[in-house]
Amino acid sequence: MSHGPADPEPAPQHPADDGRPATPPPTPPTPAGAGPGWPGSHPAPPPGGEEPRQRLHPLSPVLHGAKSLVVVIAGLSWSTLSRVGFGWFAVLVTVFALGATVLSVVSWWNTGYHLVGRELRVHEGLIWRRTRAIPLERLQAVEVVRPLLAQLTGLAELRLEVVGGGKTEAPLAYLGVAEATALRQRLLAVAGRAPETVPPPAGAAPPPAPAGRWLHTVRKEDLLVSQLLTPQAFLLPFGLAFVVAQFLSEGSWSFIAVASTLTAMAGVLLQPVRRVLDDWGFRLDRDDDTLRVRNGLLETRVQTVPLHRVQTIRATWPLLWRMKGWLRLRLEVAGYSAAEPDDRNRPDRLLPVGDAGTGGLVVAEVLPGVRLDALPSTPPPGRARWLRPLSRSAVGAGLDAEVFVARSGLLTRQLTLVPYARIQSVRVTQGPAQRRLRLATVHADTAGGSGAAAPDRDLAEAWELAAELTARAHFARHADRGRRG
């Protein structure tokens with residue numbers, strides 16, 4: 001949502017000339033974490049509760065310039081270095097880095113944020129000025145992210161996710177850690193209609209974040225072993241053997257060939273290494289009605305997800321993990337998980353790796369009354385073998401007291417749990433082959449997520465299942481609204 005440039009402040013209203021001396025209005029207290037004000041603004045909030053605009057941390061342009069330098073070096077290929085030589089290559093990198101730094105400084109000078117009522121407004125732009133207003137009623141998740149450079153400089157990035165957003169809304173990069181933590185608590189308080197705490201005096205440290213109730217911490221040994229039990233890790237020796245065989249057959253390789261081979265090998269290892277770095281030190285806590293997730297090694301994250309925004313839980317048993325009885329749990333948050341292309345930015349981590357007992361305890365915390373080891377599921381009818389000759393026995397669906405259950409996957413098994421209160425619509429679909437076999441698929445759709453589906457059910461059973469899901473969803477939504485007041 002965009003607005004034009006901020007309107008000029010209204011002229012102060014003078015008291016009526018009734019012969020009495022004018023009394024100046026009291027000066028409101030300075031808001032917590034106030035930094036240098038926006039040019040032309042005043043330290044006191046204008047009428048209507050609008051606060052002075054705050055700039056980001058002064059080191060923000062330096063960090064953005066360093067990130068741009070990494071992108072430039074990665075973008076210039078090995079062939080460019082071999083053609084122009086190291087000297088000109090360094091000149092190109094320097095010119096691009098300086099240009100990116102100048103643009104970062106200009107962007108920082110014209111970027112600010114402030115709270116107006118129940119909106120967070122972010123102002124940016126020099127030639128084309130833009131104001132983004134984020135309604136906090138639609139706030140789903142707030143996370144404090146600290147990339148490696150931010151950790152070295154004591155800074156953090158605040159990311160906000162809202163209902164219906166296709167990507168992170170107006171990330172504030174970068175703020176001081178204390179300022180980012182205090183702002184996150186305040187935004188969550190406003191979004192949850194909770195009373196705001198009185199801001200501390202200017203210059204005072206913000207109150208510490210609540211510790212919450214500890215749920216689980218993933219063992220680093222389990223995380224490392226789980227990524228060794230992946231197809232990439234098993235195929236790596238074959239890839240190395242192929243590279244060695246090529247080298248022996250050629251006798252000698254050029255610099256470009258060696259660099260290209262190393263780049264390809266790094267690409268094979270990228271996914272498991274990235275997962276280890278992203279999930280390192282994973283810890284799950286619960287604060288009242290929210291989940292707090294801490295994870296990351298080079299880039300630390302603290303994500304806060306309201307439980308009433310959770311749409312589905314997916315439990316996955318990869319083929320190679322089954323020998324150790326491990327599973328992985330993922331969340332879907334309204335309008336966010338499916339829309340974000342990069343899974344590292346999704347607030348969907350519930351359990352990167354764990355045994356069945358741990359998975360059951362975590363699921364019970366998010367969905368009270370649901371037992372992961374005692375969920376009903378029935379397979380499609382026998383004639384569905386014509387459509388699923390190998391995977392019919394691996395597909396199933398069922399109705400638990402609290403959730404709709406959908407099972408799928410032959411090699412990698414998956415179980416999807418959809419609370420009835422989160423079902424937005426129910427659909428029954430039929431393809432040409434299904435019509436001939438009198439089969440149909442029942443879909444339970446959630447807000448912005450993929451929901452769950454019961455494929456290839458008997459046609460009469462499919463309509464009965466759809467009617468039952470609709471009735472249970474209607475009843476659960478009314479009950480949920482009653483509990484939340």
Side-chain angles (χ1 to χ4, degrees), residues 143-148 151 211-237 239 266-287 291-305 307 310 312-333 337 342-367 370-375 407-417:
E143 61 175 330
V144 177
V145 182
R146 300 192 66 197
L148 181 59
Q151 295 182 50
R213 179 164 57 90
W214 172 84
L215 295 181
H216 183 65
T217 300
V218 174
R219 296 175 65 246
K220 299 178 176 62
E221 296 83 357
D222 292 348
L223 183 62
L224 291 172
V225 173
S226 68
Q227 295 308 310
L228 291 176
L229 297 176
T230 58
Q232 293 91 336
F234 270 78
L235 294 175
L236 182 61
V268 174
L269 291 175
L270 179 61
Q271 185 175 5
V273 170
R274 190 185 68 181
R275 286 180 176 173
V276 170
L277 295 178
D278 289 347
D279 294 328
W280 190 264
F282 184 93
R283 171 171 170 164
L284 184 65
D285 297 275
R286 178 167 178 173
D287 296 335
L291 288 177
R292 184 185 298 171
V293 179
R294 295 178 176 88
N295 61 290
L297 180 60
L298 299 182
E299 181 177 277
T300 61
R301 294 169 179 261
V302 180
Q303 296 175 328
T304 303
V305 181
L307 286 176
V310 174
T312 65
I313 293 181
R314 298 186 187 276
T316 305
W317 289 265
L319 177 63
L320 299 177
W321 287 17
R322 279 184 241 161
M323 66 180 70
K324 297 185 71 68
W326 285 347
L327 76 160
R328 177 174 61 242
L329 295 177
R330 288 285 188 263
L331 295 172
E332 275 193 0
V333 182
S337 293
D342 188 354
D343 60 357
R344 289 177 296 175
N345 294 333
R346 300 178 185 177
D348 65 348
R349 288 170 171 80
L350 186 57
L351 183 64
V353 58
D355 55 25
T358 302
L361 292 176
V362 173
V363 169
E365 283 286 341
V366 182
L367 302 175
V370 176
R371 291 185 53 188
L372 191 60
D373 58 347
L375 293 172
R407 179 167 48 89
S408 61
L410 181 61
L411 299 180
T412 298
R413 297 175 183 171
Q414 183 171 277
L415 192 67
T416 304
L417 311 179

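Note that the structure is a prediction, hence the values are computed from the model and not measured.
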Shortest non-hydrogen contact between [X] and [Y], atoms and distance:
X: V218; Y: L223; answer: CG1-CB, 4.4 Å
X: L297; Y: T300; answer: O-CG2, 4.1 Å
X: G359; Y: L327; answer: CA-CD2, 4.4 Å
X: L320; Y: P231; answer: CD1-N, 4.5 Å
X: W326; Y: W317; answer: O-CD1, 3.3 Å
X: L351; Y: G354; answer: CD2-CA, 4.0 Å

Could you state the interatomic distance from [atom1] ([X]) to [atom2] ([Y]), rounded to the nearest 0.5 Å?
X: L410; Y: L319; atom1: CG; atom2: CG; answer: 9.0 Å
X: L291; Y: L350; atom1: CG; atom2: CG; answer: 6.5 Å
X: R407; Y: Q414; atom1: CZ; atom2: CD; answer: 12.5 Å

query: Of L417, V310, L329, V305, which is the lone residue that meets side chain to side chain contact (heavy atoms under 4.5 Å, CB included) with V366?
result: V310
task: Not counting sequence neighbours, which residues clear side chain to side chain donor-acceptor pair (under 3.5 Å) with R413? List them please.
output: none
query: So L375 and V370, side chain to side chain contact (heavy atoms under 4.5 Å, CB included) or not? Walk me through it.
result: CA-CA 8 Å; L375 293 172; V370 176; 3.9 Å; yes
task: May I ask you to say whether R349 pairs ionically with D278, meaning some side-chain N is under 4.0 Å from a carboxylate O?
output: yes
task: Could you tell me whether R146 and E299 make a salt bridge, using a distance below 4.0 angstrom between a side-chain N and a carboxylate O?
output: no
Option from H216, R294, R213, R292 for which side chain to side chain donor-acceptor pair (under 3.5 Å) with D285 holds: R294
task: For R328 and T316, test the side chains for any donor-to-acceptor distance below 3.5 angstrom and give the result as yes or no.
output: no
